[in-house]
Amino acid sequence: MAESARRGRGGGGAARRAERSAVSFETAKYIERNIPNFEILTEEALEIIERNADTVLEEIGVNFPDNPEALALWREAGADVTGDRVRMPRGLARELCKTAPAEFTQHARNPDRNVVIGGRNLVLAPVYGPPFVRDVAGGRRYATIADFNKFVKLGYMSKWLHHSGGTVCEPTDIPVNKRHLDMLHAHMTLSDKPFMGSVTEPSRAQDSVDMCKVLFGADFVQQNTVMTSLININSPMTFDDVMMGALKVFAENNQASIISPFIVGGAMAPVSVAGTLTQVLAEVMAGIAYSQLVRKGAPVIFGAFVTSIDMNSGAPTFGTPEAAHITYGAGQLARRMKLPFRSAGSFCGSKLPDAQAAYETSNSLNMGLLSGVNFMLHACGWLEGGLVSSFEKFVMDADQLGTLHHLARGVEIDENAQAMDAIREVGPGGHYLGCAHTQANFKQAFWKSDLLDYKPFETWSDEGARDTQALAALRVEKLLGDYVQPAMDISVREALDAFVRERKAAEPDSFM
């Protein structure tokens with residue numbers, strides 16, 4: 001479908017009139033940092049890690065099991081291929097990575113919500129992957145498509161969230177081989193923010209591309225990035241054929257992939273920060289290099305999912321100093337390669353949205369901002385080590401993402417910010433509440449939570465002495481009550497409905 005046809009179907013006069021009549025709400029633009037990145041590694045340390053990563057790729061190598069096509073590409077590129085093992089001459093992977101773009105735009109169906117991934121930007125996306133959901137009314141339970149749709153609506157209504165994400169929870173009431181169709185349909189119709197594609201099987205990645213062709217037009221998809229996808233590496237140093245098959249589909253079609261080692265320190269990586277960073281860099285370089293063998297210039301993101309492990313229970317731990325060290329270091333390595341960086345999120349190991357969740361999440365979010373992350377998956381809603389998507393924590397985290405926006409603005413030092421007129425007006429012993437400078441600036445001077453309680457004790461007590469989880473439950477109810485579906489051209493909606501219906505009918509249900 002030509003681009004002109006897409007614009008005719010998706011942005012015609014009827015659609016524009018419908019959009020003007022829709023309920024309007026504010027969505028913040030992606031973050032543009034005006035603060036420095038925190039750099040924890042010296043030049044010497046960076047050079048050692050880079051040299052060691054090249055040694056890993058040259059001497060130890062990585063595995064591409066059950067993937068003769070990938071092995072053939074590596075052999076043709078000059079790698080030594082023995083069985084499933086790929087060993088790369090020193091510098092080969094780094095050289096191949098140079099064709100990946102330093103930044104790219106992911107287009108949304110609403111162009112006002114396009115995001116630029118890379119540079120000094122930070123794009124925030126919600127939790128991804130949990131099979132369970134939790135709320136105060138129903139407790140912990142397996143997720144359904146109804147839960148999934150609610151999360152997409154909450155993401156659409158969240159001011160500080162720039163991206164609709166992907167598998168915000170796993171809808172277990174839909175067959176495994178078909179649920180990707182319902183999830184993508186929800187992102188495309190219940191929100192107009194950018195979204196992620198399916199990676200659980202190469203044919204599902206192709207379905208994602210084909211649905212985007214319906215939504216945006218085939219030519220537009222080939223010439224622009226309209227999806228991001230999460231390609232996890234089976235650390236240590238194994239690139240399974242399912243993930244690589246999905247990566248191949250996305251790269252061939254000019255769609256973005258996050259190449260992300262799955263690091264659990266002490267289990268999937270060494271216990272030391274430098275050793276883990278060496279493995280992360282080797283894995284990322286191999287994955288990104290492969291994407292460029294598939295298609296030069298395919299958009300990618302340098303990923304690092306980082307957690308440590310409790311050596312007594314074996315459970316993953318979050319918000320730890322070691323995770324921060326690795327995330328800061330990985331950010332430096334990504335910038336040296338001139339690649340967008342993905343890491344951090346609202347990580348916690350807590351079973352409830354409680355004090356543990358708040359401490360660990362705060363640590364994780366702030367390290368993401370300071371480490372130079374460009375795409376933050378799991379920015380809101382994560383609970384219980386990623387097993388649970390929590391409705392209350394989703395809105396709690398989404399509210400706190402506003403602090404990242406304000407921190408990233410940095411400190412202004414223009415004439416208004418210097419406030420010398422206010423200091424002169426008030427003088428010794430006065431107060432600033434009524435001065436002209438305060439009156440002119442108070443509305444935008446301070447970030448204000450839409451959720452947290454700042455009332456006096458007596459008022460708080462009279463209103464039921466509600467804790468933050470109770471307030472969050474009310475906010476979930478309000479946001480879903482205020483939700484209005486964004487307008488979509490009826491012919492595009494009908495074409496998407498038909499695609500999903502026909503693909504579901506083409507094969508029997510499978511829950512395996």
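In this view, Thr317 and Ser308, Asp310, Thr320 satisfy the side-chain contact (heavy atoms from CB on, under 4.5 Å) rule, not counting sequence neighbours. Shown here are the salt bridge (charged side-chain N to carboxylate O under 4.0 Å, His left out) partners of Glu69, two or more places apart in sequence or in another chain: Lys248. With sequence neighbours excluded, the residues that form a salt bridge (charged side-chain N to carboxylate O under 4.0 Å, His left out) with Asp182 are Lys504. Annotation: side-chain contact (heavy atoms from CB on, under 4.5 Å) contacts of Leu73 (sequence neighbours excluded): Tyr290, Leu293, Val294. In this view, Lys351 satisfies the salt bridge (charged side-chain N to carboxylate O under 4.0 Å, His left out) rule with no residue, not counting sequence neighbours.
Between Leu122 and His162 the shortest side-chain heavy-atom distance does not fall below 4.5 Å. Under the 4.5 Å side-chain criterion, counting only non-hydrogen atoms from C-beta, Met188 is in contact with Cys212. Contact annotation: the side chain of Leu161 approaches that of Pro126 to within less than 4.5 Å [non-hydrogen atoms, C-beta and beyond]. Inter-residue side-chain proximity for Gln223 and Asp219 is flagged as met; some heavy-atom pair is nearer than 4.5 Å. Under the 4.5 Å side-chain criterion, counting only non-hydrogen atoms from C-beta, Arg295 is not in contact with Glu252. For the pair Met337/Leu333, no side-chain contact is recorded, criterion being any heavy-atom separation below 4.5 Å from C-beta on. Residues Leu451 and Met396 are in side-chain contact: their nearest non-hydrogen atoms beyond the backbone lie under 4.5 Å apart. Two residues are said to be in side-chain contact when any heavy atoms from C-beta on lie closer than 4.5 Å; Phe151 and Val133 meet this criterion.
Judged purely by atom type and a 3.5 angstrom limit, Lys178 uses its side chain to pair as donor or acceptor with the backbone of Glu507. Side chain of Asn253 to backbone of Gln255: no donor-acceptor contact under 3.5 angstrom is found. Put simply, the side chain of Ser229 never gets that close to the backbone of Val199: no donor and acceptor are under 3.5 Å apart. Side chain of Lys393 to backbone of Trp382: a donor-acceptor contact under 3.5 angstrom is found. Judged by distance alone, the side chain of Thr238 and the main-chain N or O of Ser235 form no donor-acceptor pair under 3.5 Å. Using a distance-only test at 3.5 Å, with no hydrogens or angles considered, a donor-acceptor pair links the side chain of Gln279 to the main chain of Met268. In this structure, Asp84 contributes its side chain and Asn63 its backbone to no donor-acceptor pair below 3.5 Å. When atom types are taken as modelled, the side chain of Asn121 and the backbone of Asn374 share no donor-acceptor pair closer than 3.5 angstrom. In this structure a side-chain-to-backbone donor-acceptor pair under 3.5 Å is missing from Glu384 to Leu352. Put simply, the side chain of Asp66 never gets that close to the backbone of Asp240: no donor and acceptor are under 3.5 Å apart.
In this pair, Phe220 and His107 present their aromatic rings perpendicular. The plane angle is above 60°, beyond the 30 to 60° band. Relative orientation of the Phe195 and His187 rings is parallel, given thresholds of 30° and 60° on the angle between their planes. Between Phe347 and His378, the angle of the ring planes lies from 30° to 60°, which puts this pair in the tilted group.
Here the shortest heavy-atom pairing between Asp135 and Glu392 reads CA-OE1, 3.1 Å. In terms of heavy atoms, Cys97 sits closest to Gln292 at CA-CG, 4.5 Å. Nearest approach of His185 to Thr189, heavy atoms of both residues: O-OG1, 2.7 Å.
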Which is it for Tyr30 and His163 under the side-chain contact (heavy atoms from CB on, under 4.5 Å) test, yes or no, and what are the steps along the way? CA-CA 9 Å; Tyr30 55 85; His163 202 281; over 6 Å; no
Val264 and Val306: CA distance, side-chain angles, deciding distance, side-chain contact (heavy atoms from CB on, under 4.5 Å) verdict: CA-CA 6 Å; Val264 180; Val306 180; over 6 Å; no
Output, in order, the C-alpha distance, side-chain angles, deciding distance and verdict of side-chain contact (heavy atoms from CB on, under 4.5 Å) for Val395 and Ser158. CA-CA 8 Å; Val395 299; Ser158 296; 5.7 Å; no
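Aromatic pair Tyr142/Phe132: centroids less than 6.0 angstrom apart.
The list of salt bridge (Lys or Arg N to Asp or Glu O under 4.0 Å) pairs with a residue in residues 111-132, not counting sequence neighbours, reads Arg113-Asp192.
Salt bridge status for Arg141 with Asp147: present, with a side-chain N to carboxylate O gap under 4.0 Å.
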